[in-house]
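Every chain is numbered from 1 and lettered A, B, ... according to where its sequence line falls, protein lines coming before strand lines.
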Protein chains: 2
Amino acid sequence: MDLRRLRYFVAVAEERSVGRAAVRLRMAQPPLSVQIRKLESEVGTPLFRRGARGMEPTAAGRALLSRAREALALTAEGFEAARAVAAGRRGRLSVGYMFALAHAVLPKLIPELRRSLPKIDLEFIELSASTREARLLDHSVTVALCMPAIRHIEIEASNIGTQRLMLALPASSSLARATAVPVKKLQGRPLISLPWPAEDPATSVVASLLRRHQVSMPVANRVETVHSALSLVLAGEGMAIVPACAQLGCPTGVVFRPFVDADDAIDVAVCWRRDSLNPLVRNFLKCAEKVIRQV
Amino acid sequence: MDLRRLRYFVAVAEERSVGRAAVRLRMAQPPLSVQIRKLESEVGTPLFRRGARGMEPTAAGRALLSRAREALALTAEGFEAARAVAAGRRGRLSVGYMFALAHAVLPKLIPELRRSLPKIDLEFIELSASTREARLLDHSVTVALCMPAIRHIEIEASNIGTQRLMLALPASSSLARATAVPVKKLQGRPLISLPWPAEDPATSVVASLLRRHQVSMPVANRVETVHSALSLVLAGEGMAIVPACAQLGCPTGVVFRPFVDADDAIDVAVCWRRDSLNPLVRNFLKCAEKVIRQV
DNA sequence: ACTGACCCATACGATTTCGGTATAGCAAAA
DNA sequence: TTTTGCTATACCGAAATCGTATGGGTCAGT
């Protein structure tokens, strides 16, 4: 059961001649003739009818022929598939993303991925900040789109862009009349807080913004997602400080204002397991960087 | 692209260990290790992650694995299919039959064929006497069921049984009152003739029967099939001398009577091209002989 | 009928490839 | 650290493969 013999067999069957098949296979005729006979003795039945004008496959030969062709194609495809997977052109890529980035990023990111990596098996899952980390660690997502990057010993991250922080507030609020708001004006107003690691000043851009301006805002609510925060803003529970991209797909009745005296930004990052040697991660990063630049 | 390497690869992937796979393949571990590395260099990418506890297929390895399994199964099946075709257990068998045999033979023959040759691709085509020969010669049917055998230089035949000749006549005929009819009584009565080769006395059993009894019957009509003959008998056009099996499925109003003084019979034969080395023919013959004995 | 053309089969020597034994190298468990 | 359990490398003998030379059979044309 040798694949080379099958290749020889297919060539002879197609050329209906050992001599012509030998030319096609770039080899001499006698060894090819020997291989065909070996195949026949291995199968246990003649595969060709020999005539003075060439060889004609028997019914048994035709039965083998179609399967031999398939087997050859299948192994060639198997090799190609292995190479494609190794190069990150194929495989399964599961992306955990946060809702806040959905409207801003996905409509550009997904077409770009489909274009440059057409054969991959792509899956997007919306996950809250806390579950993105867990799903990354248990391998149920390959990469995560985060703001900011997940900080964890087993997780590696790459910043692919930034989003300016803006104040989200009800359209009816008196602060909404100005096109930009001084940070000081937030003093004492209730804040809808997102689950950023407030303990770590380096990552909590909101906390450091307020601290730098010596402003304190009582936390009115803690929510998991930017989307939830905006709902509570609309409900009049308070204000939120969120990335600019949250404007897209935001309910009417909530308006966004930049700060007069601050242009703090939050990092947009792609995160993945440090031990994930999946080359798709690298290709995904390239696409994501290209897309984020355009946002 | 060697099938042996793929077999080795599948074994290693399944055992997740070169050593255990070597045991399964009944070979030593080092050459197996070499073959795996050769496969990897041929594909151009690592297929396993080597650890101290064994080998684990990479994503690329898994992509190849499923296709390698299929390719192996396909070639094994190809070999088996070729053997089955050679042994006549598989293939396409197209049977041309005459309507007169349909009711008597087919209900027993077809189930027997399906039972003893379950994998063959079976086709039954009703053909008139003249077309059976043509379709046999142009390969569009494999075998033909005939009464009597086709005589042709390229066609071989095997008699598998006989059918007694009987007189088919209208129930209203005066001759129908007796349970058996003397041949002499047919003198001068119109005959519905079938296209048997009247020129050749050896094959034309009807002509020889009449000649032996020195009886002559004017030919009222010539028809292609026994079925047509019976229709004309019913229509009062004359009488027909037909094989006994035509009684089955015969229209009411036509009765069959044996001859008092003759028990001539016509051969039932299976015919096939002399150059058709199709082993299915042999197996078909066995089935047909078994079935005809029971009729 | 004979001859030439064509094609497949066989023989044999040279090369490549493969499998076995011995052993080194390496990482995790004891 | 030592032991254990893997895989990888080195080398040699055996087997398979390929190329050249040649035999043998069939068909077509003279």
Side-chain angles (χ1 to χ4, degrees), chain A residues 1-58 60-61 64-65 68 72 75 79 154 274-275 277, chain B residues 1-58 60-61 64-65 68 72 75 79 154 274-275 277:
Chain A
M1 241 174 69
D2 187 344
L3 206 49
R4 170 183 25 211
R5 290 218 182 104
L6 289 186
R7 225 177 56 234
Y8 291 175
F9 167 69
V10 170
V12 171
E14 284 178 354
E15 299 288 342
R16 307 178 88 79
S17 151
V18 180
R20 282 193 296 276
V23 173
R24 193 169 104 183
L25 295 168
R26 297 176 209 289
M27 66 187 290
Q29 170 264 319
L32 182 55
S33 186
V34 169
Q35 292 300 328
I36 295 297
R37 296 199 85 83
K38 282 190 180 171
L39 181 64
E40 285 179 320
S41 85
E42 191 183 355
V43 175
T45 187
L47 300 171
F48 291 98
R49 255 191 44 205
R50 272 87 167 163
R53 312 295 300 162
M55 317 258 287
E56 192 195 3
T58 61
L64 177 58
L65 181 58
L72 286 166
T75 53
F79 278 36
E154 299 214 1
R274 194 174 296 278
D275 64 357
L277 26 99
Chain B
M1 240 174 68
D2 186 347
L3 207 51
R4 172 187 21 216
R5 290 218 182 106
L6 289 186
R7 224 178 57 236
Y8 290 175
F9 167 69
V10 170
V12 172
E14 283 177 356
E15 298 288 344
R16 308 179 88 78
S17 150
V18 178
R20 282 193 296 276
V23 173
R24 194 168 103 182
L25 295 168
R26 296 176 208 288
M27 66 187 290
Q29 170 264 319
L32 182 53
S33 186
V34 169
Q35 292 299 330
I36 296 296
R37 295 197 87 81
K38 284 190 179 172
L39 181 64
E40 285 179 319
S41 84
E42 191 183 356
V43 175
T45 187
L47 300 171
F48 291 98
R49 256 191 42 203
R50 272 86 167 164
R53 310 298 300 165
M55 319 257 287
E56 192 196 3
T58 61
L64 177 59
L65 181 58
L72 286 166
T75 54
F79 279 36
E154 299 213 2
R274 193 174 297 278
D275 65 356
L277 25 101

K.L.:
Could you tell me the separation between the CD atom of Glu14(B) and the CZ atom of Arg20(B), rounded to the nearest 0.5 Å?
P.N.:
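That separation rounds to 12.0 Å.
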
K.L.:
I need the CG-C1' distance between Asp2(B) and dT16(C), as an integer number of Å.
P.N.:
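Rounded to whole Å, this separation is 14 Å.
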
K.L.:
Are side-chain heavy atoms of Arg16(A) and Pro57(A) found at a separation under 4.5 Å?
P.N.:
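The answer is yes; the side chains approach within 4.5 Å.
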
K.L.:
For Arg274(B), does the CZ atom sit with more than 12 other heavy atoms under 6.0 Å from it, leaving out its own atoms?
P.N.:
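Yes, enclosed.
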
K.L.:
Among the candidates dA28(C), dC18(D), dG19(C), find the nucleotide nearest to the side-chain atoms of Arg53(B).
P.N.:
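It is dA28(C).
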
K.L.:
Which of these nucleotides, dC8(C), dC18(D), dA8(D), is closest to any side-chain atom of Arg50(B)?
P.N.:
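Taking heavy atoms from C-beta onward, the closest nucleotide is dA8(D).
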
K.L.:
Closest approach to the side chain of Val18(A), judged atom by atom: which nucleotide of dG19(D), dG19(C), dC8(C) is it?
P.N.:
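Minimum distance to the Val18(A) side chain belongs to dC8(C).
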
K.L.:
Check the distance between dT17(C)'s C1' and Met1(B)'s CE and give it to me in whole angstrom.
P.N.:
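Interatomic distance, CE of Met1(B) to C1' of dT17(C): 18 Å.
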
K.L.:
What's the CG-P distance between Leu39(B) and dC18(C), to the nearest Å?
P.N.:
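Roughly 11 Å, once rounded to whole Å.
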
K.L.:
Which whole-number value in Å describes the distance from Glu42(B) CD to dT17(C) P?
P.N.:
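It works out to 12 Å between those atoms.
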
K.L.:
Give one of base, sugar-phosphate or nothing for Phe48(A), where a contact means two heavy atoms less than 4.0 Å apart.
P.N.:
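Touches nothing.
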
K.L.:
Between the side chain of Thr58(B) and the main-chain N/O of Pro46(B), is any donor-acceptor distance below 3.5 Å?
P.N.:
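Yes; at least one donor-acceptor contact below 3.5 Å.
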
K.L.:
Which whole-number value in Å describes the distance from Glu56(B) CD to dC6(D) P?
P.N.:
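After rounding, the gap between these two atoms is 16 Å.
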
K.L.:
Roughly, in whole Å, what's the span from CD in Glu15(B) to P in dC6(D)?
P.N.:
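So the two atoms are 12 Å apart, to the nearest Å.
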
K.L.:
Report the distance from atom CG of Leu32(A) to atom P of dA9(C), rounded to the nearest whole Å.
P.N.:
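In whole Å, dA9(C) P lies 10 Å from Leu32(A) CG.
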
K.L.:
Between Leu3(B) and Met1(A), which heavy-atom pair has the shortest distance, and what is it?
P.N.:
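Heavy atoms of Leu3(B) and Met1(A) come nearest at CB-O, 3.5 Å.
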
K.L.:
Identify whether any heavy atom of Gly51(B) sits under 4.0 Å from a base atom; if not, whether one sits that close to sugar-phosphate; answer base, sugar-phosphate or nothing.
P.N.:
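It contacts nothing in the nucleic acid.
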
K.L.:
Do side-chain atoms of Glu40(B) reach the backbone of Leu47(B) as a donor and acceptor pair under 3.5 angstrom?
P.N.:
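Judged by distance alone, yes, a pair lies under 3.5 Å.
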
K.L.:
Between Ser17(B) and dC6(D), does any side-chain N or O lie under 4.0 Å from OP1 or OP2?
P.N.:
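So the side-chain polar atoms of Ser17(B) never come under 4.0 Å of the phosphate oxygens OP1 or OP2 of dC6(D).
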
K.L.:
Which nucleotide in the set dG20(C), dT7(D), dT20(D) lies at the smallest distance from any side-chain heavy atom of Ala28(B)?
P.N.:
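Taking heavy atoms from C-beta onward, the closest nucleotide is dG20(C).
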
K.L.:
When you check the phosphate oxygens OP1 and OP2 of dA8(D), does a side-chain N or O of Ser33(B) lie under 4.0 Å from one of them?
P.N.:
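So the side-chain polar atoms of Ser33(B) do come within 4.0 Å of the phosphate oxygens OP1 or OP2 of dA8(D), strictly under.
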
K.L.:
Counting the atoms with a prime plus P, OP1 and OP2 as sugar-phosphate, which does Arg5(B) contact under 4.0 Å by heavy atoms, base, sugar-phosphate, or nothing?
P.N.:
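Sugar-phosphate only.
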
K.L.:
Please confirm whether any donor atom in the side chain of Gln29(B) sits under 3.5 Å from an acceptor in the base of dA8(D), or the reverse.
P.N.:
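By the distance-only test, yes, there is a pair.
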
K.L.:
Between dC18(D), dT21(C), dA16(D), which nucleotide has the shortest distance from any of its atoms to the side chain of Lys38(A)?
P.N.:
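Among the listed nucleotides, the one closest to the side chain of Lys38(A) is dA16(D).
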
K.L.:
From the list dC8(C), dG19(C), dC18(D), which nucleotide is the closest neighbour of the side chain of Gln35(A)?
P.N.:
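Looking only at side-chain atoms, Gln35(A) lies closest to dC18(D).
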
K.L.:
By nearest heavy atom, map Arg4(A) and Ala52(A) onto DNA chain D; which one lands nearer the 5' end?
P.N.:
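Result: Arg4(A).
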
K.L.:
Return the value, rounded to whole Å, for the distance between atom CE of Met55(B) and atom C1' of dG5(D).
P.N.:
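Atom-to-atom, Met55(B) to dG5(D), this comes out as 14 Å.
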
